[in-house]
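First the proteins, then the strands, lettered A, B, ... as listed; each starts at 1.
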Number of protein chains: 2
Amino acid sequence: MSLDNFVRKWIPSWIREEGPESDVVLSSRVRLARNFVDLPFPHLASDTALREVIKRLKNAVEVIKNHPPYQDLQLNPLNEMSGLDRLILVEKHLVSPQFIENFRDRAVILNGSETISIMINEEDHLRIQCFSPGLELQKAWEEVNRLDDLLEEKLHFAFLEDKGYLTACPTNAGTGMRASVMVHLPALAMTKQIGKVVNNVAKFGLTVRGLYGEGTEAFGNIFQISNQITLGLKEEEIIDNLYRVTKHVIEQERTMREGIMTHGKEGLLNKVGRAYGTLKYAHIISSQEAMTHLSDLRLGAALNLYPQVSKQAIDELIILIAPAFLQKIMGQELGPEERDLKRAELIREKLS
Amino acid sequence: MSLDNFVRKWIPSWIREEGPESDVVLSSRVRLARNFVDLPFPHLASDTALREVIKRLKNAVEVIKNHPPYQDLQLNPLNEMSGLDRLILVEKHLVSPQFIENFRDRAVILNGSETISIMINEEDHLRIQCFSPGLELQKAWEEVNRLDDLLEEKLHFAFLEDKGYLTACPTNAGTGMRASVMVHLPALAMTKQIGKVVNNVAKFGLTVRGLYGEGTEAFGNIFQISNQITLGLKEEEIIDNLYRVTKHVIEQERTMREGIMTHGKEGLLNKVGRAYGTLKYAHIISSQEAMTHLSDLRLGAALNLYPQVSKQAIDELIILIAPAFLQKIMGQELGPEERDLKRAELIREKLS
């Protein structure tokens with residue numbers, strides 16, 4: 001398979017495509033936590049109960065598949081997937097790293113374009129997620145809401161009139177909603193403003209996390225901003241709050257970029273050029289080093305600086321160079337040293 | 001002036017052209033120290049005596065110019081040259097750094113192709129030098145010998161039957177000869193063998209120095225190997241000894257290169273590729289960093305590794321990126337920060 005075909009087949013469209021504010025925002029996601037009223041939360045549930053959850057979802061999917069655009073929804077038990085394919089789910093941000101740590105009695109429901117991903121038996125029975133490219137929280141919210149409504153027609157979720165949805169961890173109770181945006185903040189990072197951004201964002205009940213969510217590092221200056229508070233607010237208020245604050249962060253990042261363009265353009269051209277030269281000609285590269293250069297290159301692309309590489313190609317590379325994805329492309333298991341060789345080969349091919 | 005024309009006009013042919021063993025040897029040089037019998041050595045001489053030296057050489061040049069191929073010999077008083085042009089003489093290796101520290105009553109005789117350079121009133125009254133590309137010590141020796149013979153027909157040099165030529169510093173007495181080869185030893189440097197080479201070479205009465213001679217650093221893994229002993233040996237013996245030892249060092253370097261190609265080819269491709277990518281796309285680069293990358297690139301060129309850049313282009317760049325040369329090309333005085341910008345620009349142009 002050619003690299004282009006592989007990318008089309010394996011990388012979700014919401015990662016490949018550009019959405020609104022794509023100079024700073026890679027993607028938006030809205031997730032709803034739901035639990036069956038008559039079954040214990042997964043960490044307390046018996047194997048039988050966990051299997052019952054999967055069974056109910058299997059049946060629900062069969063019904064929902066009659067409603068366009070859900071024809072291609074599919075439930076995939078984790079234990080029927082290869083270890084590599086499970087890791088790839090994480091690298092595509094479709095499931096949490098915690099979700100694949102234990103893959104017995106767990107399953108993920110995906111649609112063909114992978115804009116929908118429902119984790120079954122993660123921390124909650126259901127974690128219904130919808131993804132959108134760029135800053136499109138409203139769209140992601142509407143889609144996840146519609147899907148949730150359809151599911152609720154068939155399934156009885158634990159809900160209290162005064163508290164809202166019940167969840168395994170009380171921090172998710174109420175709306176059960178976690179909305180997040182994945183943002184690229186290289187200029188704020190360069191000027192050492194990330195700490196300030198994190199503090200400001202926290203004042204609005206939001207939090208900043210790394211590339212793969214909670215407890216992960218921010219490789220390549222990519223951060224996730226998401227709501228902390230799920231209780232006492234309406235879903236629309238959470239979305240609106242995150243949208244406004246993200247817009248503000250976008251403006252801060254753009255202001256910093258303009259500042260660097262005005263006062264340090266040569267240094268920026270140097271950084272972007274060296275990043276490109278290294279990626280284009282290295283024969284051995286770690287994923288961390290590659291992410292650092294891709295971040296510089298993405299900033300260059302957003303500012304239309306030479307050398308020109310499309311943001312799309314860069315965003316695809318960010319996914320492609322992750323360890324499991326890389327092995328999928330190469331069609332073989334690779335040790336860490338082999339990965340560093342193959343990663344460089346892949347990047348050279350992509351940038352050629 | 002285009003860069004190509006500038007290079008043809010300003011870089012001596014013996015630097016631009018490839019000679020024997022050019023994978024390791026950049027150039028060969030033979031220098032003879034001569035002093036007038038009736039005048040004090042320069043460091044003891046009065047201004048009048050120094051001027052007398054220059055006057056005698058001026059007259060001698062006029063006579064020698066009648067003998068082909070010396071028609072285009074020309075005497076250039078240092079104080080009539082710009083500071084930049086004096087520095088460029090050093091960067092072209094035509095004169096020593098010490099020679100231009102004081103430029104009163106000093107002059108340099110050059111031919112058109114700059115294969116001949118006679119320093120007047122450096123440590124000795126005359127330092128007659130001939131240069132050749134690659135490992136061509138014999139040719140350089142024959143040329144400097146012929147020129148010396150012509151000069152001796154007109155001038156009376158201090159010479160004792162039992163001691164040979166007298167020189168300001170006794171270490172040069174006897175033949176007054178210093179023969180040297182400029183070698184590129186990246187593989188020996190990579191494998192930390194330079195110290196061993198220096199020790200071995202010393203056993204044969206030879207010494208290893210940096211890029212611009214005595215007391216200078218070996219940027220870009222370029223070293224000068226030259227004879228220490230000038231007394232008690234015939235000129236041909238000195239040349240022969242240096243030639244044999246250099247041949248041995250060349251073999252050691254080539255063996256190391258083969259070893260790296262066998263056991264560390266990916267690492268080498270990585271080094272060469274990154275060097276190329278950085279040089280081709282950087283916007284700010286110091287001369288030291290550029291030399292390091294050019295050294296890697298020259299090794300790649302010698303081993304026919306991708307990306308292909310000609311040794312000639314690299315050897316020209318090694319000269320072009322030096323501070324004074326860079327300012328000459330750009331046609332303006334440049335501070336250190338401006339030089340790092342313009343150097344990167346020049347390298348990008350040359351590699352494009």
Side-chain angles (χ1 to χ4, degrees), chain A residues 190 260-261 263-290 292-294 296-301 303-309 314 317 321 330 334-352, chain B residues 190 260-261 263-290 292-294 296-301 303-309 314 317 321 330 334-352:
Chain A
M190 256 178 227
I260 296 170
M261 281 292 276
H263 301 295
K265 187 165 179 189
E266 287 297 346
L268 190 61
L269 283 168
N270 188 45
K271 220 173 161 70
V272 173
R274 282 168 179 258
Y276 180 73
T278 302
L279 290 170
K280 201 169 158 69
Y281 292 100
H283 274 250
I284 300 170
I285 196 160
S286 71
S287 88
Q288 198 168 345
E289 188 195 348
T292 303
H293 297 320
L294 285 171
D296 290 341
L297 212 52
R298 196 179 197 283
L299 176 60
L303 294 169
N304 294 312
L305 296 180
Y306 175 84
Q308 268 298 1
V309 182
I314 297 162
L317 270 175
I321 61 166
M330 295 299 163
L334 301 166
E337 286 187 13
E338 291 169 309
R339 286 208 293 274
D340 289 353
L341 279 170
K342 292 292 183 184
R343 181 177 296 111
E345 188 183 318
L346 175 74
I347 295 171
R348 290 201 308 278
E349 185 182 341
K350 187 86 181 152
L351 293 184
S352 72
Chain B
M190 257 178 226
I260 296 171
M261 281 291 275
H263 302 295
K265 188 168 178 187
E266 286 298 344
L268 191 60
L269 282 168
N270 189 45
K271 220 174 160 71
V272 173
R274 281 167 180 260
Y276 180 72
T278 303
L279 290 170
K280 200 169 158 71
Y281 293 100
H283 274 250
I284 300 171
I285 197 162
S286 70
S287 88
Q288 198 166 346
E289 187 195 349
T292 302
H293 298 319
L294 286 170
D296 290 340
L297 212 52
R298 196 180 198 281
L299 176 60
L303 294 169
N304 294 311
L305 296 180
Y306 175 84
Q308 269 296 3
V309 181
I314 298 162
L317 269 175
I321 62 166
M330 296 297 163
L334 301 166
E337 286 186 13
E338 292 170 309
R339 286 208 294 273
D340 289 354
L341 279 170
K342 292 293 183 184
R343 180 177 297 112
E345 187 183 321
L346 175 74
I347 295 171
R348 289 202 309 277
E349 184 183 343
K350 188 85 183 154
L351 292 183
S352 71

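- If you measure heavy-atom distances from I285(B) to chain A, the contacts under 4.5 Å come from both the backbone and the side chain.
- The candidate with the highest count of non-hydrogen atom pairs below 4.5 Å against chain A, out of A275(B), A344(B), G277(B), is G277(B).
- No other option in P307(A), G267(A), A282(A) has as many heavy-atom pairs under 4.5 Å with chain B as A282(A).
- Summarising the geometry of Y281(A) relative to G273(B), their closest heavy-atom pair is CB-O, 3.0 Å, with the distance given to 0.1 Å.
- Within a 6.0 Å radius of CD in Q308(B), more than 12 heavy atoms belonging to other residues, nucleotides or ligands are found.
- Comment: K342(B) does not engage E266(A) in a salt bridge, judged by the lack of any side-chain N to carboxylate O separation of less than 4.0 angstrom.
- Although no hydrogens or angles enter the test, the distance criterion places no donor-acceptor pair under 3.5 Å between the side chain of R274(B) and the main chain of L279(A).
- Of the two parts of L341(B), only the side chain, counted from C-beta on, holds a non-hydrogen atom closer than 4.5 Å to a non-hydrogen atom of chain A.
- Per-residue heavy-atom pair counts under 4.5 Å with chain B were compared for V272(A), L268(A), L269(A), and the maximum is reached by L269(A).
- Looking only at distances, a side-chain donor or acceptor of N270(B) sits under 3.5 Å from a matching main-chain atom of I284(A).
- Counted within 6.0 Å of NZ on K280(B), heavy atoms from surrounding residues, nucleotides or ligands total more than 12; the atom is thus considered enclosed.
- The OH atom of Y306(A) sits 7.5 Å away from atom NE2 of H283(B), with the distance rounded to the nearest 0.5 Å.
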